[in-house]
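The block underneath contains the structure these notes are about, expressed in structure tokens.
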Amino acid sequence: MSNPISLDELAYFLDNSEEQYVLDSIAAHGFLTATVIGRPLPNWIDAMFEGRVKDVPENVIDCIHRWRNDIINDLKNEMPITLPFNEGAGDEEEAVDFSDESDIVAWSIGFVDAMYGDEASDWMENEETAEDVAVLTLPMLVLSGIDDEDPELAQMRKDEDTMAQMANSIEGNLTELFLLFHTND
């Protein structure tokens with residue numbers, strides 16, 4: 001790879017791109033996390049850039065692959081995924097931003113985009129685990145606001161305490177999802 005870039009340079013590229021098909025760095029982290037912990041997503045890099053991967057510089061693609069491998073290595077080393085948003089969601093002293101412009105919402109949107117990135121890769125496919133997957137992915141669905149037409153999910157989004165509980169559950173849920181999809185137990 002000629003002219004490799006750092007993760008900071010990648011974040012700058014993602015956060016400053018004016019292209020609609022480029023996720024910002026926070027949403028990209030959510031997307032990559034879902035591709036690592038969930039069911040395999042064939043052609044994940046194409047899905048990430050909505051089929052426009054040829055329009056993305058080669059060094060950006062290379063860095064995204066390295067970033068994804070870092071997430072995989074953390075999991076293999078039994079380290080939790082470091083989430084790029086406010087970890088004080090349950091701290092009563094600290095107000096958490098759950099607005100559409102917040103990092104936690106952007107991350108959740110990226111996660112859900114990957115979760116539904118390919119119809120052939122249905123996370124709910126296995127009847128034995130479908131209920132567990134639904135419960136473990138509920139925080140990301142609610143926080144993303146993607147399904148606000150559902151009155152129950154819309155009601156959950158209006159409750160700050162529920163949102164804080166969901167935000168606090170994400171890290172543990174990611175570990176549970178990874179184990180659910182990547183172990184035989």
Side-chain angles (χ1 to χ4, degrees), residues 7-8 10-39 41 44 47-50 64 67-68 70-71 74-75 79-117 121-124 130-181:
L7 285 176
D8 288 339
L10 174 64
Y12 182 83
F13 172 85
L14 296 173
D15 293 340
N16 291 290
S17 176
E18 294 182 17
E19 300 295 342
Q20 293 289 330
Y21 61 88
V22 176
L23 298 172
D24 68 29
S25 62
I26 302 295
H29 185 278
F31 188 96
L32 293 175
T33 299
T35 68
V36 168
I37 65 146
R39 290 187 45 93
L41 179 60
W44 62 268
M48 184 173 184
F49 291 103
E50 299 177 5
I64 288 172
W67 188 15
R68 185 173 183 269
D70 287 347
I71 295 170
D74 284 349
L75 286 168
M79 297 177 66
I81 294 172
T82 303
L83 299 172
F85 50 81
N86 187 349
E87 294 181 25
D91 185 350
E92 293 178 18
E93 302 293 318
E94 192 172 334
V96 179
D97 181 7
F98 294 115
S99 71
D100 290 344
E101 292 79 32
S102 69
D103 287 348
I104 194 167
V105 169
W107 185 91
S108 297
I109 289 169
F111 185 94
V112 172
D113 280 353
M115 190 174 141
Y116 292 117
S121 182
D122 183 359
W123 286 34
M124 308 293 180
E131 185 175 338
D132 290 335
V133 171
V135 169
L136 294 169
T137 58
L138 181 63
M140 290 70 109
L141 286 169
V142 171
L143 288 162
S144 73
I146 286 177
D147 200 5
D148 267 353
E149 302 85 47
D150 181 311
E152 288 181 45
L153 297 181
Q155 188 62 34
M156 286 182 205
R157 273 188 65 88
K158 292 178 184 175
D159 184 334
E160 290 285 325
D161 290 335
T162 299
M163 295 290 278
Q165 289 172 355
M166 289 191 175
N168 283 329
S169 71
I170 290 175
E171 186 177 311
N173 288 11
L174 293 175
T175 300
E176 291 297 317
L177 284 164
F178 179 76
L179 293 172
L180 195 66
F181 285 117

Side chains of Ile81 and His29: closer than 4.5 Å at any heavy-atom pair?
yes

If every non-hydrogen atom of Val133 is compared with every non-hydrogen atom of Leu180, which pair is closest and at what distance?
CG2-CD2, 3.4 Å

Spatial distance of atom CD (Gln165) from atom CD1 (Ile170) [nearest 0.5 Å]:
12.5 Å

Just do the side-chain contact (heavy atoms from CB on, under 4.5 Å) check on Met115 and Met124 with the steps written out, would you?
CA-CA 10 Å; Met115 190 174 141; Met124 308 293 180; 4.2 Å; yes

Working to the nearest 0.5 Å, report the span between CG of Asn16 and OG of Ser25.
9.5 Å

Considering all heavy atoms of both residues, which atom of Phe31 and which atom of Leu23 are nearest to each other, and what is their separation?
CB-CD1, 3.9 Å

Met140 and side chain to side chain contact (heavy atoms under 4.5 Å, CB included): which single residue from Leu174, Ile104, Ile146, Ile109 fits?
Leu174

Where do Val112 and Ser144 come nearest, in terms of heavy atoms and distance?
CG2-OG, 4.0 Å

Greater than 12 external heavy atoms within 6.0 Å of Tyr21's OH
yes

Just so I know, are the side chains of Met48 and Leu32 near enough to count as touching, which here means a heavy-atom distance under 4.5 Å?
yes

Taking atom OG1 of Thr33 and atom CG of Leu83, what is their separation to the nearest 0.5 Å?
7.0 Å

Do Leu138 and Leu153 make a side-chain contact, defined as non-hydrogen atoms from C-beta onward lying under 4.5 Å apart?
yes

Side-chain contact test, heavy atoms from C-beta onward, threshold under 4.5 Å: evaluate it for Arg157 versus Met166 and give yes or no.
no

Of all heavy-atom pairs between Phe111 and Thr137, which one has the smallest distance, and what is that distance?
CE2-CG2, 4.4 Å

Kindly indicate, with the supporting measurements, whether the criterion side-chain contact (heavy atoms from CB on, under 4.5 Å) is fulfilled by Ile64 and Trp44.
CA-CA 11 Å; Ile64 288 172; Trp44 62 268; 3.8 Å; yes

For Ala106 and Asp24, work out which heavy atoms get closest and say how close.
CB-OD2, 4.1 Å

Is there a donor-acceptor contact under 3.5 Å from the side chain of Ser17 to the main chain of Leu14?
no

Heavy atoms, side chains only, cut-off 4.5 Å: are Leu141 and Tyr116 in contact?
yes

Indicate the atoms forming the closest heavy-atom contact of Leu41 with Gly117, along with that distance.
CD1-C, 3.9 Å

What class does the angle between the rings of Trp123 and Phe181 fall in, given that below 30° is parallel, 30 to 60° is tilted and above 60° is perpendicular?
perpendicular

CG of Asp113 to OG1 of Thr35: how many Å apart, nearest 0.5 Å?
12.0 Å

Could you grab the distance from atom CD1 of Ile37 to atom CG of Leu75, nearest 0.5 Å is fine?
8.0 Å

How many angstroms lie between atom CE of Met163 and atom CG of Asn168, to the nearest 0.5 angstrom?
12.0 Å

